[in-house]
Amino acid sequence: MIVAAHAEDPTLPFQDVWWISLIKLLGVFVILLLLTLFTINYERKVVARMAVRPGPNQVGPKGWLQSLTDGLKLPFKEEIIPKTADKVVYFIAPVISCTTAFTAFAVIPFGGMVNMFGHRTALQLTDVPVSVLVLLACSSMSVYGVVLSGWASGSTYPLLGGLRSSAQMISYEVAMGLSIVAVFMTAGSMSTSQIVAAQAEGNPVHVLGMDLTTPSWYAVLLFPSFVIYMIAAVGETNRAPFDLPEAESELVGGFHTEYSSFKFAMFFLAEYINMITVSAFCTTLFLGGWRAPWPITAIWHGANSGWFGLIWFFVKVLIFLFGFIWLRATLPRMRYDQFMRFGWKVLIPVNLVWILFLSYVKVANNHLSDRDKWLTIGGIVVVVLAVAMFWPASRKPRQVSIEEQLAARPPGSFPVPPIDLQVPPSPRARRAVAERTPATVGGDTETKEV
């Protein structure tokens, strides 16, 4: 028998009975599989709605079983393995991608403390003081699955796709990690359950003699980190408009071009689970995790008790998944050089400046008076904005004319044909125009040229 309990944050370390841990492990696995099937169909229907077309509507009620039939169909397809493939690594690569995708969800809290079959337990598989680092480690390990799959296929296009994808994932993983640093500094913990608990109540702030209460969600308090995390999450999961490793016009299908049957299904599954993981991670870090938003908690005091946390958690995750789908349906794919330049020259410098600013604010709170603190913070903001406005833009090189290019050629170079060379029209075309009988306008219908 499962009984709902009052809202209570879990404490470290967890001490569950082994079979309770096994139930939660199977529950996380089943939830991820069901969410994957739902997200695939959810994406098809949302994109179809935005493109004004029906979408899947044949299999199951209103087409909602289409992704299930696709998942059952893929393992029974013929598997084709290239002769030049490294058989061992070719098999291990999709396993790495799937394993890291599932493992990352182990430290995500779904809710508070509940009573499950007479035992009090947290709606979270496990938690450690450095849970966020576990998530970052899993995302780092997923790069190996992509790189090894491209290399082990023994083909040019998968190799190029694997290299491109690894550079993309590593670059945006740096931006994602820096955006999370601000959350560590504010919450004072790397434990996911403790970060959710830190966003439970509003933060009292003393501003110029007034006592104010700021919103508790880090999406508001740390808005630049929130925006950078969302951008980096799209790049990390290789989703449009950042789906450059799977650019069909350039690399056929990217790192998984030579995969088929069940191995391709594992890559497909890992991509959608990664989408769900980064959405759940963002919910935990920036949107209060499993706790209900403010209007609901003000009206209903038991909104965060028992199993209701599951509802608020998955509603927030689905909103983020809708954002992934919306981007795919509206934005074109970026060029690779633009994408990498944006990550290294925009996201990372902005992140570093933001972290330094937050560090100063924390030091100022402990060592400066209220008036001096806000004056210096205002001065810093003005200086940063002035530097950003007057920062010299990169000058494009002057366009050199053709005459200047010819004059700069070293002696003894190959001759260049005249620049004003024009190809004369074909005599045959000119003769055909001259011999053509003009059409008559008006007159008898029998003499009119048709």
Side-chain angles (χ1 to χ4, degrees), residues 129-137 139-140 167-192 194-199 202-208 212-236 278 281-282 284-288 338-394:
V130 289
S131 293
V132 179
L133 296 184
V134 173
L135 280 164
L136 292 178
S139 67
S140 301
Q168 171 179 334
M169 296 172 72
I170 292 172
S171 301
Y172 276 75
E173 187 179 345
V174 174
M176 179 184 290
L178 289 175
S179 66
I180 298 171
V181 171
V183 178
F184 299 164
M185 296 168 57
T186 308
S189 175
M190 292 187 184
S191 166
T192 50
Q194 299 302 315
I195 291 174
V196 173
Q199 302 176 70
N203 298 317
V205 178
H206 189 69
V207 181
L208 302 176
L212 302 177
T213 302
T214 61
S216 58
W217 284 7
Y218 293 149
V220 180
L221 293 176
L222 308 173
F223 184 73
S225 297
F226 176 60
V227 173
I228 293 173
Y229 177 89
M230 290 193 299
I231 297 174
V234 179
E236 178 80 7
V278 296
F281 195 27
C282 189
T284 301
L285 295 181
F286 295 100
L287 293 185
Q338 295 174 336
F339 177 63
M340 296 299 288
R341 188 184 305 115
F342 179 69
W344 285 102
K345 293 188 176 181
V346 177
L347 294 185
I348 294 178
V350 170
N351 239 327
L352 292 173
V353 172
W354 172 244
I355 291 172
L356 290 175
F357 175 74
L358 286 179
S359 302
Y360 175 77
V361 171
K362 291 184 71 68
V363 173
N365 285 332
N366 298 327
H367 296 88
L368 294 180
S369 64
D370 183 60
R371 179 176 175 275
D372 295 339
K373 178 183 69 174
W374 289 107
L375 285 177
T376 53
I377 289 176
I380 292 174
V381 172
V382 170
V383 170
V384 171
L385 292 178
V387 170
M389 290 177 59
F390 297 104
W391 189 268
S394 57

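Just so you know, these numbers use all the heavy atoms, side chains as well, and skip hydrogens, waters and symmetry mates.
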Q: Within this structure, what is the OG-CG distance for the pair Ser140 and Leu133, rounded to the nearest 0.5 Å?
A: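 It comes to 10.0 Å.
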Q: Take Leu287 and Tyr218, measure what side chain to side chain contact (heavy atoms under 4.5 Å, CB included) needs, and give me the verdict at the end.
A: CA-CA 7 Å; Leu287 293 185; Tyr218 293 149; over 6 Å; no
Q: Would you confirm whether Gln168, through its side chain, and Met340, through its main-chain N or O, come within 3.5 Å as a donor-acceptor pair?
A: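 No, the answer is negative, given that no donor and acceptor are paired below the 3.5 Å cut-off.
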Q: State, to 0.1 Å, how close Val346 and Pro349 come at their nearest heavy-atom pair, and which atoms those are.
A: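 It is O-CD, 3.5 Å.
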Q: Would the Phe286 and Tyr229 ring centres measure less than 6.0 Å apart?
A: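 Yes, the ring of Phe286 comes within the 6.0 Å limit of the ring of Tyr229, centre to centre.
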Q: Does the ring centre of Phe339 sit less than 6.0 Å away from the ring centre of Tyr172?
A: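 Between Phe339 and Tyr172, which both carry aromatic rings, the centre distance is below 6.0 Å.
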Q: Hey, could you give me the CD1/CG distance between Ile228 and Leu347, rounded to the nearest 0.5 Å?
A: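 Going from CD1 on Ile228 over to CG on Leu347, the span is 6.0 Å.
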Q: Are side-chain heavy atoms of Met185 and Ser359 found at a separation under 4.5 Å?
A: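 Side-chain contact under 4.5 Å: yes.
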Q: Dump the intermediate steps for side chain to side chain contact (heavy atoms under 4.5 Å, CB included) on Trp354 and Leu178, then the final yes or no.
A: CA-CA 10 Å; Trp354 172 244; Leu178 289 175; over 6 Å; no
Q: Name all residues meeting the side chain to side chain contact (heavy atoms under 4.5 Å, CB included) criterion together with Val363; count only those two or more places apart in sequence or in a different chain, and write none if there are none.
A: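 If we apply the side chain to side chain contact (heavy atoms under 4.5 Å, CB included) test to Val363, skipping adjacent residues, the hits are His367.
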Q: Which is it for Leu358 and Val181 under the side chain to side chain contact (heavy atoms under 4.5 Å, CB included) test, yes or no, and what are the steps along the way?
A: CA-CA 10 Å; Leu358 286 179; Val181 171; over 6 Å; no
Q: Give a yes or no answer on whether the side chain of Ser139 reaches the backbone of Leu136 with a donor-acceptor pair at less than 3.5 Å.
A: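 Yes.
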Q: For the CG atom of Leu285 and the CG atom of Leu135, what is their distance to the nearest 0.5 Å?
A: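 It is 8.0 Å, given to the nearest 0.5 Å.
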Q: For a quick test of reading the model, state the closest non-hydrogen atom pair linking Ile348 to Ser171 and the distance between them.
A: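 Closest approach of Ile348 to Ser171, heavy atoms only: CD1-O, 4.4 Å.
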Q: Do side-chain atoms of Gln199 reach the backbone of Ala187 as a donor and acceptor pair under 3.5 angstrom?
A: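 Not a single qualifying donor-acceptor pair exists.
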Q: Are Val220 and Phe226 side-chain neighbours, meaning at least one heavy-atom pair lies under 4.5 Å?
A: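 SC-SC contact between Val220 and Phe226 ruled out.
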Q: Which atoms form the tightest heavy-atom contact between Ser216 and Leu221, and what is the distance?
A: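 Shortest heavy-atom separation between Ser216 and Leu221 comes out as O-CD1, 4.2 Å.
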Q: Look up atom CG in Leu222 and atom CD1 in Ile180, then write down how far apart they are to the nearest 0.5 Å.
A: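 Answer rounded to 0.5 Å: 12.0 Å.
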Q: What is the distance from atom OG of Ser225 to atom CD1 of Ile355, rounded to the nearest 0.5 Å?
A: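 Answer for the OG-CD1 pair, Ser225 versus Ile355, is 7.0 Å.
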Q: Out of curiosity, Glu236 CD to Met176 CE, how far, rounded to the nearest 0.5 Å?
A: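 With rounding to 0.5 Å, CD (Glu236) is 4.5 Å from CE (Met176).
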